[in-house]
2 protein chains.
Amino acid sequence: MSSEDSGADHRRSIELLWGRAETGRRGPKPRLSVTEVVAAGVKLADEEGVAAISMRRVAEAVGLSPMALYTYAPSKIELIDLMLDAIWGEMQAPGPELAHWRDRMEFFAKQHWALGRRHPWMLQVGTHRPPLGPNVLAMANTAFGMLDGLGLSGVEIDQLMHLVADYVRGALRTALEADDVERITGITDEQWWQMHEPLLGDLIDRGDFPHLVRVGAEVKTAYRGQNVQLAHFEFGLQRVLDGVEAYIAKRATSGDR
Amino acid sequence: MSSEDSGADHRRSIELLWGRAETGRRGPKPRLSVTEVVAAGVKLADEEGVAAISMRRVAEAVGLSPMALYTYAPSKIELIDLMLDAIWGEMQAPGPELAHWRDRMEFFAKQHWALGRRHPWMLQVGTHRPPLGPNVLAMANTAFGMLDGLGLSGVEIDQLMHLVADYVRGALRTALEADDVERITGITDEQWWQMHEPLLGDLIDRGDFPHLVRVGAEVKTAYRGQNVQLAHFEFGLQRVLDGVEAYIAKRATSGDR
DNA sequence: AGGGAAGTCCGTACGCCGTACGAAGAGCTT
DNA sequence: AAGCTCTTCGTACGGCGTACGGACTTCCCT
C-alpha cells in the first residue's frame, strides 16, 4: 500500500508544484487557487510558528472547511512541500556585479541565512524528501552555476556547495534554538542564568568544567546585547569560505583536471 | 501562567538531569528508575524513529500506564531532554595521543557525526532549549578545551567550536533527509528518478537548468553505490578545518592578543 | 501503635491532530 | 435534460499530550 499510495501522492505533488494539474473542467470552480492556500500557510507559519501548521488552522485562515483543503493538496506533507518551494522562490540570484566566486557564494549564503530567519519553520517541518519544485530547482541551478569556470569537476562543485549549504543550515538551527529558549519558555536570558545560578555556581566551584566556565565568562561579557547569532554566522561563514578558497587554490595549482 | 509553570518544570528537569531529586521517602518505591525510562525511550526512538516517541509508547515499553510516566518526567519535553543528555554521554573525549588541535577537532566532529547517525531522532525532536545536563556540559567542556593553549580568546574559541558543530549538524540533517526519502516513501533512488523521468526530461530538453543537469549527471555516475553522505561529510569537514587552521595561523602571526 | 502526609500508579476525559468516507451540490459535456 | 466530474463539507476514528482525581503504599511523627 505504502509504495503505491505515496507514489501517486508524490506524482500529484509534482504536478501541483509545477502547475501541471489539468484545470478540471467539469465540477464547480474552486473558490481559491493553490497559490492562495499555500501563501496563507506560509503567513500562518511565519506568524505563529511551526505548531500552527495544521490542516484545520490553514483551512480556517482561508475560509474553508478542513476537509476542503484536501482538494488543493493531497496531504499535509504535500502542502508543506508547496510552502517550502514557495519560500525558496524568495532567494535572489547573485547579480553580475559579483564577479568573484567568493562574493557570489557569500551573497548566496547570506540569502539562505535571511530566508531561514524569516521562515524559521522551514528548519522544523521534518525532512521528508526534497520537494523538487521549480523554485528549489532554480535555486540549486544558480548555486551550482556559481562555481563554474574554475576548473572544478561536477563532483567537486557538488561537494563544495553542499558544504556551504550544510553550514548555513546548521547555523540557522543553532540560532533558532537560541531564539526558542526565550520564545517558548518566556524566560529571558538573564532570568535563565539567575535560575540556574545555584547549580551552576556549584559546578563552577567544584571546578568540573574549567574550560566551559572560562569561555562562558568571556563570552557573556563580550556579547552584551549584540546579535550573537548573526555574529557567529558571519564569522563562521568567512572561515568556511576560506576553506573553500584554499581548496580551489590548491586545485588550480595541483592539476587541471 | 506560562512563565511560572515552565520555570517550575525547568527546575525539576534540571534536578532530574543531575539526579538531585530528593529520594522521596514517603510514598511507595518507584517501580523503575528515571534512567531505565530514559533508556527505553532512546531504544524506542532508535528503532522506530522520532514518531515513536510518545508518552503512551514509552509507557508501554516500560510496562507502565501512560500517566504513570509523569512521575518520572514532568512532561514529554523533559523526557526528551533527558534522552538527549543520555545519548550525548556516548561522546568520547579525544585521547592524549591526539596532540594536535586539528586531530582533536576532527576526532570530535566525527564522534558527533556518528552520534547523529546512530540516533537520527536527535535532529528531529524540535529545539526547545539546551538541556544542560551533565553529559552535555561535559561534552561542551571538552570541546572548548580542545583549542586551549593556542593563544585564542574565549570568544574566538566559542566561535570556532560553533562553526564546526554547526557544520556537522547541517551535514547530519542533509544525510537524514537523503535517508528518509527512501525510508518514508519506500522508493529507492532509481525508482524515484524513473518516476520523474518525464518531467526531468522535459526540463533537460528545455535547457532551463543547465548547471544542475551537468552537475547532476556527473554526480550520478561518480557515486555509484557509495556512501554519498559520508563522503560529503568527510570532504566538507576537511574544508572547514582548513578554514579554522587558516584562522589560527593568521591569528598567531598578526598579534598575540 | 496509629494517623496523616507524601508519593506512585492509573482510568477517564478534553481538546488537539491527520485524514478516510460518503453525501450534497455545482457546472461542464454530450 | 442527463450524466459525469469536481468541490465542499460533516462526521468519525484513532492517535497525541496531559489535567484531574481517586486508590493505594510507604514512611514520619506523634
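Below, chains carry the letters A, B, ... as their sequence lines are ordered, and counting in each starts from 1.
- In the helix from C:dA1-D:dT30 to C:dT30-D:dA1, the rotation axis of the first five pairs and that of the last five pairs differ in direction by 10°, rounded to 10 degrees.
- When distances are taken from the side chain of A:Thr71 to each of C:dA26, D:dT8, C:dC10, the shortest belongs to D:dT8.
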Identify all pairs in which a protein N or O lies below 3.5 Å from an N or O of nucleotides 17-20 of chain C, and state each distance.
residue: C:dC17; atom: OP1; partner: A:Ser54; partner atom: OG; Å: 2.9
residue: C:dG18; atom: OP1; partner: A:Met55; partner atom: N; Å: 3.4
residue: C:dG18; atom: OP1; partner: A:Lys76; partner atom: NZ; Å: 3.0
residue: C:dG18; atom: OP2; partner: A:Met55; partner atom: N; Å: 2.9
residue: C:dG18; atom: N7; partner: A:Arg56; partner atom: NH1; Å: 2.5
residue: C:dG18; atom: O6; partner: A:Arg56; partner atom: NH2; Å: 3.0
residue: C:dT19; atom: OP2; partner: A:Tyr70; partner atom: OH; Å: 3.2
residue: C:dT19; atom: OP2; partner: A:Lys76; partner atom: N; Å: 3.0
residue: C:dT19; atom: O4; partner: A:Arg56; partner atom: NH2; Å: 3.2

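- Atom CD in A:Glu48 sits roughly 13 Å away from atom P in C:dC16 (whole-Å rounding).
- Contacts of A:Lys43 classified as side-chain contact (heavy atoms from CB on, under 4.5 Å), with partners at least two apart in sequence or in another chain: A:Glu47.
- In this structure, the side chains of A:Val38 and A:Leu79 come closer than 4.5 Å at one or more pairs of heavy atoms.
- Per the geometry, NZ belonging to A:Lys29 stands 17 Å off P belonging to D:dT5, to the nearest Å.
- In this structure the side chain of A:Ile87 reaches within 4.5 angstrom of the side chain of A:Val42, judged on heavy atoms.
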Extract all donor-acceptor atom pairs below 3.5 Å that involve side chains of residues 113-123 of chain A and protein atoms in other chains or at least two apart in sequence.
residue: A:Arg117; atom: NH1; partner: A:Asp179; partner atom: OD2; Å: 3.2
residue: A:Arg117; atom: NH2; partner: A:Asp179; partner atom: OD2; Å: 3.2
residue: A:Arg118; atom: NE; partner: A:Glu90; partner atom: OE1; Å: 3.0
residue: A:Arg118; atom: NH2; partner: A:Glu90; partner atom: OE1; Å: 3.0
residue: A:His119; atom: ND1; partner: A:Asp46; partner atom: OD1; Å: 2.7
residue: A:His119; atom: ND1; partner: A:Asp46; partner atom: OD2; Å: 3.1
residue: A:His119; atom: NE2; partner: A:Glu90; partner atom: OE1; Å: 2.9
residue: A:His119; atom: NE2; partner: A:Glu90; partner atom: OE2; Å: 3.0
residue: A:Trp121; atom: NE1; partner: A:Asp46; partner atom: OD1; Å: 2.7

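- For C:dC10, the OP1/OP2 oxygens have a side-chain nitrogen or oxygen of B:Arg31 closer than 4.0 Å.
- For B:Leu32 and C:dG7, the CG to C1' distance is 16 Å, given to the nearest whole Å.
- Using a 4.5 Å heavy-atom threshold, the side chains of B:Asp81 and B:Asp85 count as separate.
- One atom, CG of B:Leu69, and another, P of D:dC16, lie 12 Å apart when rounded to the nearest Å.
- Put simply, the side chain of A:His112 does not reach to within 4.5 Å of the side chain of A:Val164, judged on heavy atoms.
- Counting to the nearest Å, the P atom of D:dC16 and the CG atom of B:Leu44 are 11 Å from each other.
- Residues forming a salt bridge (charged side-chain N to carboxylate O under 4.0 Å, His left out) with A:Glu60 (at least two apart in sequence, or on another chain): A:Arg57.
- Protein atom CG of B:Leu79 is 10 Å distant from nucleotide atom P of D:dG17, rounded to whole Å.
- Considering only residues two or more places apart in sequence or on other chains, A:Thr142 meets the side chain to side chain donor-acceptor pair (under 3.5 Å) condition with none of them.
- Between B:Tyr72 and B:Arg31, the shortest heavy-atom contact is OH-N, 3.4 Å.
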